[in-house]
Every structure is written in C-alpha cells, then in structure tokens.
Amino acid sequence: MEEPEMQLKGKKVTDKFTESVYVLANEPSVALYRLQEHVRRSLPELAQHKADMQRWEEQSQGAIYTVEYACSAVKNLVDSSVYFRSVEGLLKQAISIRDHMNATSQAHRDRVLPALLPR
C-alpha cells in the first residue's frame, strides 16, 4: 500500500514542482508582455506631451529673449538720460542763438532799409 501512496505523493510533488518551474519560466515573459502592452498604449501620449513641452519651451525662450531685450533697452534709456539732458541744453542754446540772430538781423534791417529807400 505504501507504493501507490508514495507514487501519488511523488506525482503531487513533481506536478507542483513542474507547475512552479513553468510559472518561474513564464513569469518574466508575462511581465515583459505587460510592460510592452503598457508602453504601446502610453507611448503616443508621452510623445505628444514631449512635443508640446518642446514647443512651449521654444515659445518661452522667445518670450524670455523679448523681455530681456526690452529690459536692456529700458536700462539703456535710463543710462542715456545724461545725453538727453545735454541735447536739451544744446537745443536751448541753439534757440537762444537763433533768437539773438533774428533780433540782430531785424535791428540791422531796421537801420539799413530806411537808408536805402528813396526819400
């Protein structure tokens, strides 16, 4: 009686061992299949996100460049206020000289024209 019982126990052990080996041998394949399935489903969306992010980065870089350029222009304007004051002073001098020349010219005309006119 022991022999059939031993055969049954031996068969159970070998079946369990075979099942374990089968599961262990196929588990990496199943895991890789599931991983591949996941990548195939999510890769197009990830690629689209990447393209969107690259486009947003380019737009951001352009905006940053524009802002930096504008800040530089404003800083240069502030730095050039000395030159604007100098130009303003020179314009005031030019206006003053013009007014003086006009006054002198008018005085000269007032003196010369009556002398040239017949009496």
- [ ] For the pair Thr66 (side chain) and Gly62 (backbone), establish whether a donor and an acceptor sit closer than 3.5 Å, ignoring hydrogens and angles.
- [x] yes

Task: Nearest-0.5 Å distance, CG of residue Leu77 to OH of residue Tyr83 - done: 13.0 Å

Open item on the list: Nearest 0.5 Å, please: how far is CD1 in Ile95 from CG in Leu90?
Closed with: 11.0 Å

Open item on the list: Does Arg40, at its CZ atom, have more than 12 non-hydrogen atoms belonging to other residues, nucleotides or ligands within less than 6.0 Å?
Closed with: no

Open item on the list: I'd like to check the side chain to side chain donor-acceptor pair (under 3.5 Å) partners of Arg98; sequence neighbours left out, ordered by chain and number.
Closed with: none

Open item on the list: Arg34: which residues meet the side chain to side chain donor-acceptor pair (under 3.5 Å) condition with it, sequence neighbours left out?
Closed with: Glu37

Open item on the list: Between Asp52 and Arg55, does any NZ, NE, NH1 or NH2 come within less than 4.0 Å of an OD or OE carboxylate oxygen?
Closed with: yes

Task: From OG1 (Thr104) to CD1 (Ile97), nearest 0.5 Å - done: 11.5 Å

Open item on the list: Let's go through Glu19 and Tyr22 carefully: what are the C-alpha distance in whole Å and the side-chain angles of both, what is the deciding distance for side chain to side chain contact (heavy atoms under 4.5 Å, CB included) to 0.1 Å, and is it a yes or a no?
Closed with: CA-CA 5 Å; Glu19 184 181 340; Tyr22 179 77; 5.6 Å; no

Open item on the list: Let me confirm one number: the CD-CH2 distance from Gln59 to Trp56, rounded to the nearest 0.5 Å.
Closed with: 9.0 Å

Open item on the list: Using only atom types and a distance under 3.5 Å, with no angle test, would you say the side chain of Thr14 pairs donor to acceptor with the backbone of Gly10?
Closed with: yes

Open item on the list: I need the Ile64 CD1 to Gln61 CD distance, nearest 0.5 Å.
Closed with: 5.0 Å

Open item on the list: Could you walk me through whether Ser105 and Met101 satisfy the side chain to side chain contact (heavy atoms under 4.5 Å, CB included) test, starting with their C-alpha distance in whole Å, then the side-chain angles of each, then the deciding distance to 0.1 Å, before giving a yes or no?
Closed with: CA-CA 6 Å; Ser105 175; Met101 288 174 69; 6.0 Å; no

TODO: Any chance you could measure Asp79, atom CG, to Ser72, atom OG, to the nearest 0.5 Å?
DONE: 9.5 Å

- [ ] Please identify each residue that fulfils side chain to side chain donor-acceptor pair (under 3.5 Å) with Arg85, with sequence neighbours left out.
- [x] Ser81

TODO: State, with a plain yes or no, whether a side-chain heavy atom of Pro44 is found less than 4.5 Å away from one of Gln48.
DONE: no

